[in-house]
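Since the model is a prediction, treat every value here as computed from it, not as a measurement.
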Amino acid sequence: MAYKLNDKTFRVDRAFTLNQIQYPRNWLQLSTKEDRDALGITWEDDPVRADDRYYWNGEIDNPKAMENVDAKDQDGNQIYVQVWNPETEEMEDTEEKLVTRGLKFGKIAEVKHTANTLLAPTDWYIVKSTEVADYNVPDNILSFRADVRSKSNQMETQIDACTTVDELKALYEYTTQEDGTQTRPLAEFPKEI
């Protein structure tokens, strides 16, 4: 954000000369909009940077790939995973293609990680039920675990159905309802028990 006059940029804390008149360093801070307008000085906001989670270099016209894509070199040739060969002491290509993961892969991986994190504290109930013959997992634990898996599946389906970056972004955008609660199109996991 800066004050500008044609191609010249003015810093708020710097003195400047305009039309052979010297202005003190605090003039822009103390002046009114009318004072600045009279000189032709305008305020310009910085360009809005696109969300780096979805766009390369913050450029709205440079979205990241939605799907996984094979990695290619500058000439368009497939890049393969390399491994160190101790006999030749060189890196060698394998037959495995190097893949650049798409946005959907990353978002689905986040959902799976969250589901696993929610399920982990109750895993011991399931293990105990397989090791102790007369032990039954409490119904609220079974219900919670089923809800987590169901929501995870629902979220993955919603993410996978997206065909554009805008559709994917929209799943994560919260809106405030009339009652003050916030919701988003992407399903929510149940609260931890």
Side-chain angles (χ1 to χ4, degrees), residues 1-79 81-82 91 98-118 151 155-156 158-189 191-192:
M1 300 181 282
Y3 287 104
K4 296 198 175 228
L5 175 63
N6 301 326
D7 293 335
K8 187 170 182 167
T9 300
F10 299 93
R11 290 193 45 178
V12 173
D13 59 349
R14 294 273 167 91
F16 63 94
T17 302
L18 188 62
N19 300 327
Q20 299 180 352
I21 299 174
Q22 178 80 28
Y23 292 87
R25 66 181 185 86
N26 63 350
W27 188 85
L28 288 170
Q29 292 169 314
L30 300 175
S31 63
T32 64
K33 182 173 179 352
E34 292 76 25
D35 294 334
R36 293 185 299 273
D37 287 345
L39 295 176
I41 297 174
T42 59
W43 178 259
E44 288 188 20
D45 288 327
D46 290 335
V48 177
R49 182 177 176 86
D51 190 334
D52 287 326
R53 294 173 296 177
Y54 301 97
Y55 299 94
W56 293 110
N57 303 322
E59 298 169 1
I60 194 77
D61 55 350
N62 194 6
K64 293 182 178 181
M66 291 289 288
E67 305 292 341
N68 295 345
V69 293
D70 291 342
K72 306 280 183 174
D73 64 17
Q74 293 175 351
D75 300 322
N77 300 317
Q78 177 66 51
I79 300 174
V81 173
Q82 293 186 325
M91 296 296 291
L98 187 63
V99 174
T100 301
R101 301 292 184 197
L103 288 171
K104 293 197 302 188
F105 178 90
K107 293 295 186 185
I108 288 173
E110 289 173 12
V111 167
K112 288 179 182 290
H113 175 75
T114 302
N116 287 336
T117 301
L118 289 169
K151 289 298 180 184
M155 291 170 153
E156 291 176 39
Q158 287 177 276
I159 291 167
D160 199 43
C162 293
T163 58
T164 67
V165 170
D166 288 339
E167 288 176 3
L168 185 62
K169 276 180 54 179
L171 288 179
Y172 290 87
E173 292 173 357
Y174 282 92
T175 55
T176 303
Q177 309 306 312
E178 288 181 15
D179 64 359
T181 60
Q182 291 191 323
T183 61
R184 65 179 182 177
L186 188 64
E188 296 284 354
F189 280 108
K191 301 293 180 212
E192 294 181 63

Flag for Asp179-Thr181: side-chain donor and acceptor within less than 3.5 Å: yes
Does Glu110 reach the side chain of Lys107, with side-chain heavy atoms less than 4.5 Å apart? yes
Counting distance only, does the side-chain N/O of Arg36 pair as donor-acceptor with the main-chain N or O of Ser31 below 3.5 Å? yes
Has the side chain of Asp37 got a donor or acceptor atom that lies under 3.5 Å from a matching backbone atom of Glu34? no
Tyr23 to Ile21 - nearest heavy-atom pair and separation: CD1-O, 3.3 Å
Gap between atom CD1 of Ile60 and atom CG of Asp51 - 0.5 Å precision: 9.0 Å
Measure the spacing between CG of Leu118 and CD of Glu192 and express it to the nearest 0.5 Å. 5.5 Å
With sequence neighbours left out, what residues match Asn26 under side chain to side chain donor-acceptor pair (under 3.5 Å)? none
CG of Leu103 to CG of Asn68: how many Å apart, nearest 0.5 Å? 10.0 Å
Nearest 0.5 Å please: distance from the CG atom of Leu98 over to the NZ atom of Lys72. 11.0 Å
Start with the C-alpha distance between Met66 and Thr164, add both sets of side-chain angles, then the distance that settles side chain to side chain contact (heavy atoms under 4.5 Å, CB included), and finish with yes or no. CA-CA 7 Å; Met66 291 289 288; Thr164 67; 5.8 Å; no
So do Leu39 and Phe10 actually touch side chain to side chain, heavy atoms under 4.5 Å? no
Check for a donor-acceptor pair, side chain of Gln158 on one end and backbone N or O of Pro185 on the other, with a separation under 3.5 Å. yes
Of all heavy-atom pairs linking Tyr55 and Pro63, the shortest is CD2-CA, 3.5 Å
For the residue pair Gln182 and Thr176, what are the closest heavy atoms and their distance? NE2-OG1, 3.3 Å
Scan for salt bridge (Lys or Arg N to Asp or Glu O under 4.0 Å) pairs involving residues 8-32, sequence neighbours excluded, and state none if there are none. Arg11-Asp13
Mark yes or no for whether Asp73, through its side chain, and Asp75, through its backbone, hold a donor-acceptor pair below 3.5 Å. yes
For Val12 and Leu28, the nearest pair of non-hydrogen atoms, with its separation, is CA-CD1, 4.2 Å
To the nearest 0.5 Å, what is the distance between OH (Tyr174) and OG1 (Thr183)? 9.0 Å
Evaluate Thr42 against Leu5 for side chain to side chain contact (heavy atoms under 4.5 Å, CB included), listing each step before the verdict. CA-CA 6 Å; Thr42 59; Leu5 175 63; over 6 Å; no
Take Glu67 and Lys104, measure what salt bridge (Lys or Arg N to Asp or Glu O under 4.0 Å) needs, and give me the verdict at the end. CA-CA 6 Å; Glu67 305 292 341; Lys104 293 197 302 188; 2.5 Å; yes
Closest approach of Thr100 and Ala71, non-hydrogen atoms and distance? OG1-CB, 3.9 Å
Please determine whether side chain to side chain contact (heavy atoms under 4.5 Å, CB included) holds for the pair Trp27 and Gln22, giving the CA-CA distance in whole Å, both sets of side-chain angles, and the decisive distance to 0.1 Å. CA-CA 10 Å; Trp27 188 85; Gln22 178 80 28; over 6 Å; no
Where is the tightest heavy-atom contact between Val111 and Phe189, given as atom of each residue plus distance? O-CZ, 3.6 Å
My understanding is that only residues two or more places apart in sequence, or in another chain, count here; which of them pass salt bridge (Lys or Arg N to Asp or Glu O under 4.0 Å) with Lys169? none
Stepwise side chain to side chain contact (heavy atoms under 4.5 Å, CB included) check, Lys64 with Trp56: CA-CA 6 Å; Lys64 293 182 178 181; Trp56 293 110; 3.4 Å; yes
Would a 4.5 Å heavy-atom cut-off, applied to side chains only, mark Ile159 and Tyr172 as touching? yes
